[in-house]
Amino acid sequence: MASIAMFPLGSVLFPHMPLALRVFEERYLVMMSRILADQPAEFGVVLIESGREAAGSEQQRRFAHGTVAQVTELGETDGMLAVVARGERRIEVVEWLADDPHPEAVVRELPELEWDPALAPLREKAELVVRRTIARASEFVELPWDADIALSDDPVASAWQLAGIAPLTALDQVKLLGSRTLQELLTRLVELTHDAGEVLTAAWTAGDSLDAELAGLAGTGQTAPGAEPGEAADGGPHDDTDDRDDSEENHT
């Protein structure tokens with residue numbers, strides 16, 4: 001176990017998925033300056049369960065499972081620090097420490113998922129379901145990725161990427177992040193994506209409710225594999241201080 005700087009977000013970061021952030025809140029600028037002193041420069045990402053974090057005035061409730069993000073690029077945009085990172089390994093929060101001034105936690109690393117060639121048909125099924133659902137959803141709403149987007153040749157990495165691009169809610173994504181085996185991840189991914197497709201169909205039939213239903217499914221808040229650096233899945237990098245209430249996802 002070890003302590004690590006933490007960046008709670010309104011979205012889930014998966015291993016092998018990129019993340020774009022725009023940082024201007026002082027405590028997260030301090031965090032970045034600290035982690036950049038070491039290489040590799042890393043911080044943890046967890047999903048905000050509820051509550052808000054406005055300049056540290058209120059403690060968030062946060063999910064325990066998260067992902068270590070490794071900084072790959074730095075820049076500046078509109079006077080803010082632009083950070084591009086990549087999801088690496090999964091972690092579980094053991095204890096939250098006092099903010100100093102940014103969030104920090106003691107975490108333990110979760111085991112890497114292992115590939116078994118016998119899972120090849122299930123992985124192929126998961127890819128088919130995810131791609132078909134994306135293609136279906138794109139008929140109703142603009143998505144940040146295409147149904148034919150390229151994935152990693154590594155079967156474990158591609159499984160996480162499929163989880164990252166599937167049009168699922170953040171709560172569904174957290175369920176996937178906590179998978180104990182690759183078979184569990186792929187099985188859950190097929191089931192949850194199939195259910196999401198059913199929601200899309202129901203929303204399309206309902207007409208007026210379509211936009212609301214799609215908003216919860218499409219807004220994953222991550223960059224897709226192959227996206228240009230700094231290009232977030234919601235059309236722009238995440239802003240670190242715009243998360244003023246529970247309804248505003250993809251920021252912290």
Side-chain angles (χ1 to χ4, degrees), residues 1-14 17-107 170 173-174 177 219-223 227-252:
M1 293 188 293
S3 63
I4 186 173
M6 300 295 290
F7 209 134
L9 289 174
S11 58
V12 175
L13 176 65
F14 286 106
M17 286 293 290
L19 172 70
L21 298 168
R22 289 183 302 192
V23 182
F24 62 89
E25 189 175 335
E26 181 62 27
R27 58 183 169 156
Y28 288 114
L29 290 173
V30 171
M31 185 189 84
M32 288 297 167
S33 69
R34 288 176 175 176
I35 66 172
L36 289 170
D38 299 317
Q39 292 299 323
E42 297 180 331
F43 57 93
V45 173
V46 293
L47 176 69
I48 299 169
E49 181 176 7
S50 62
R52 64 182 181 179
E53 189 169 15
S57 62
E58 182 177 342
Q59 179 67 36
Q60 297 168 331
R61 291 191 294 274
R62 305 152 178 163
F63 280 89
H65 288 154
T67 302
V68 172
Q70 186 176 122
V71 176
T72 58
E73 292 187 39
L74 288 174
E76 184 179 348
T77 177
D78 299 327
M80 292 175 279
L81 178 65
V83 179
V84 179
R86 176 182 175 83
E88 294 292 329
R89 56 203 180 276
R90 295 181 301 153
I91 53 175
E92 181 179 23
V93 174
V94 176
E95 177 186 6
W96 285 99
L97 305 176
D99 291 4
D100 180 32
H102 54 81
E104 188 173 358
V106 176
V107 303
Q173 291 178 324
V174 167
L177 190 61
T220 63
Q222 296 185 50
T223 49
E228 291 297 320
E231 180 184 347
D234 57 3
H238 308 317
D239 194 308
D240 74 335
T241 58
D242 286 346
D243 203 20
R244 301 310 182 210
D245 57 53
D246 293 341
S247 64
E248 295 181 21
E249 290 192 12
N250 305 336
H251 302 283
T252 185

Enquirer: If you look at every heavy atom in V93 and A105, which pair is closest and at what distance?
Expert: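 Looks like CG1-CB, 3.9 Å.
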Enquirer: Could you tell me the separation between the CZ atom of R86 and the CD atom of E73, rounded to the nearest 0.5 Å?
Expert: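 Reported value, rounded in 0.5 Å steps: 12.5 Å.
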Enquirer: Set out, in order, the CA-CA distance, both residues' side-chain angles and the distance that settles side-chain contact (heavy atoms from CB on, under 4.5 Å) for L9 and L19, then state yes or no.
Expert: CA-CA 11 Å; L9 289 174; L19 172 70; 3.9 Å; yes
Enquirer: Should Q173 and L47 count as side-chain neighbours, where that means a heavy-atom distance under 4.5 Å?
Expert: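 Not in contact.
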Enquirer: How long is the straight-line distance from CZ of R62 back to CE of M6, given to the nearest 0.5 Å?
Expert: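 It comes to 8.0 Å.
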Enquirer: Going from CE on M31 to CD on E25, what distance comes out if it is rounded to the nearest 0.5 angstrom?
Expert: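 One gets 10.5 Å once the value is rounded to the nearest 0.5 Å.
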Enquirer: To the nearest 0.5 Å, tell me how far R22 CZ sits from L81 CG.
Expert: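 Rounded to the nearest 0.5 Å, the CZ-CG separation comes to 12.0 Å.
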Enquirer: Could you report the tightest heavy-atom contact between A5 and E104, atom names first, then the distance?
Expert: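 Heavy atoms of A5 and E104 come nearest at N-CG, 4.3 Å.
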Enquirer: Kindly give the heavy-atom pair with the smallest separation between D99 and P101, and that separation in Å.
Expert: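 Taking D99 first and P101 second, the nearest heavy atoms are CB-O, 3.3 Å.
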Enquirer: Output the distance between atom CD1 (I91) and atom NE2 (H65), rounded to the nearest 0.5 Å.
Expert: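 Taking CD1 in I91 and NE2 in H65, the distance rounds to 10.0 Å.
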Enquirer: Minimum heavy-atom separation for A69 to V45, with atom names?
Expert: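 Answer, listing the atom of A69 first, then V45: CB-CG2, 4.1 Å.
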Enquirer: Do the side chains of L74 and L36 get nearer than 4.5 Å, heavy atoms only?
Expert: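 They are in contact (side-chain heavy atoms under 4.5 Å apart), so the answer is yes.
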Enquirer: Any chance you could lay out the side-chain contact (heavy atoms from CB on, under 4.5 Å) test for H102 and M32, step after step, and finish with the verdict?
Expert: CA-CA 10 Å; H102 54 81; M32 288 297 167; over 6 Å; no
Enquirer: Mind listing the closest non-hydrogen atom pair of A64 and V46 along with its distance?
Expert: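 For A64 versus V46, the nearest heavy atoms are O-CG1, 4.5 Å.
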Enquirer: Is the backbone of L13 close enough, under 3.5 Å, to the side chain of T67 for a donor and an acceptor to pair up by distance?
Expert: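 Looks like yes, one N/O pair under 3.5 Å.
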Enquirer: Given P103, which partner from the list F43, F7, Y28 fulfils the side chain to side chain contact (heavy atoms under 4.5 Å, CB included) test?
Expert: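 For P103, the side chain to side chain contact (heavy atoms under 4.5 Å, CB included) check succeeds only for Y28.
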Enquirer: In Å, rounded to the nearest 0.5 Å, how long is the span from CE of M80 to CG of L21?
Expert: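 So the CE of M80 and the CG of L21 are separated by 11.5 Å.
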Enquirer: Under a 3.5 Å distance rule, please check whether R90 uses its side chain to pair with a backbone N or O of L177 as donor and acceptor.
Expert: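 Looks like yes, one N/O pair under 3.5 Å.
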Enquirer: Minimum heavy-atom separation for T77 to A82, with atom names?
Expert: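 Scanning both residues, the minimum pair turns out to be CG2-CB, 3.8 Å.
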